Amino acid sequence: MTESNQQRIWQVVSQIPEGKIASYGQVAAQAGIPQAARLVGNVLRKLPEGSNLPWHRVVNSQRKISFPIGSPAYQEQKQRLLLEGIVFNKEKIAINHLAWHYL
DNA sequence: CCCTTGACCAACG
DNA sequence: GCGTTGGCCAAGG
């Protein structure tokens, strides 16, 4: 089974529970490609529309959404997270929502 | 084949 | 806090 990195990334993201988040770096590490955080963003960027993957649960290591503030993508991701009970303090997500231990 | 570009990150200065 | 550097991988020119 020659699983592509893309497949492993999908797999990891699909396991992030509702109401929790993970960083790009954490997802990459879990997928067995440490230091390849950028790849995670690249993979998520080209997801098909109907995808059920919880892409919105992936944020950057600063617990912020990696889209320009106010952009359509930013607003959609924030909205989805709010619906899951994620709490924002300004643009930053409250610490206790991290899915995996970090720092 | 080389170079650049990303929803990135940690280590430095 | 900011800017730089090096690391990873895939896609496109």
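First the proteins, then the strands, lettered A, B, ... as listed; each starts at 1. Values in this document were obtained by computation on a predicted structure and should not be read as measured data. Heavy atoms only: backbone and side chains are in, while hydrogens, waters and symmetry mates are out.
Here the straight-line distance linking atom NZ of A/Lys64 with atom OG of A/Ser23 works out to 14.5 Å at 0.5 Å rounding. Summarising the geometry, atom NZ belonging to A/Lys78 is positioned 12.0 Å from atom CD1 belonging to A/Ile86; distances are rounded to the nearest 0.5 Å. The structure places CG of A/Leu53 at 8.5 Å from CH2 of A/Trp10, a figure rounded to the nearest 0.5 Å.
Within a heavy-atom distance below 4.0 Å of DNA chain C, no residue of residues 70-93 of chain A is found.
For B/dC8, the OP1/OP2 oxygens have no side-chain nitrogen or oxygen of A/Ser23 closer than 4.0 Å. Close to B/dC9, at under 4.0 Å from its OP1 or OP2, lies a side-chain N or O of A/Ser61.
Rounded to an integer number of Å, the gap from A/Lys64 NZ to B/dC8 P is 13 Å. Between the CZ atom of A/Arg63 and the P atom of B/dC9 there is a distance of 13 Å, rounded to whole Å. We find that CD of A/Gln26 is positioned 15 Å from C1' of B/dA7, with the value rounded to whole Å.
Nucleotides C/dG6 and B/dA7, compared at atom P, are 22 Å apart to the nearest Å.
Enclosure of atom CD in A/Gln6 by more than 12 non-hydrogen atoms of other residues, nucleotides or ligands within 6.0 angstrom is indicated.
Applying the side chain to side chain contact (heavy atoms under 4.5 Å, CB included) criterion to A/Ala31, with sequence neighbours excluded, gives A/Arg8, A/Ile9, A/Val12, A/Ile33. A/Glu84 meets the side chain to side chain donor-acceptor pair (under 3.5 Å) test with A/His56, A/Arg57; sequence neighbours excluded.
At a threshold of 4.5 Å between non-hydrogen side-chain atoms, the residues A/Ser61 and A/Tyr24 do not count as touching. Taking 4.5 Å as the limit, some side-chain heavy atom of A/Pro54 sits within range of a side-chain heavy atom of A/Val13. No side-chain heavy atom of A/Gln75 sits under 4.5 Å from any side-chain heavy atom of A/Phe67.
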Quick test: give all pairs of protein nitrogen or oxygen and nucleotides 11-13 of chain B nitrogen or oxygen below 3.5 Å, distance rounded to 0.1 Å.
none

- Query: Could you run down nucleotides 8-13 of chain C 5' to 3' and tag each one B, S or - for protein heavy-atom contact under 4.0 Å?
  - Reply: BSSS--
Report all side-chain donor-acceptor pairs from residues 87-98 of chain A shorter than 3.5 Å, counting only partners two or more places apart or in another chain.
{"residue": "A/Glu91", "atom": "OE1", "partner": "A/Tyr74", "partner atom": "OH", "Å": "2.2"}
{"residue": "A/His97", "atom": "NE2", "partner": "A/Val87", "partner atom": "N", "Å": "3.3"}

- Please test A/Ile21 against A/Ile16 for side-chain contact (heavy atoms from CB on, under 4.5 Å), starting from the C-alpha separation and ending with a verdict. CA-CA 7 Å; A/Ile21 62 173; A/Ile16 305 173; 5.7 Å; no
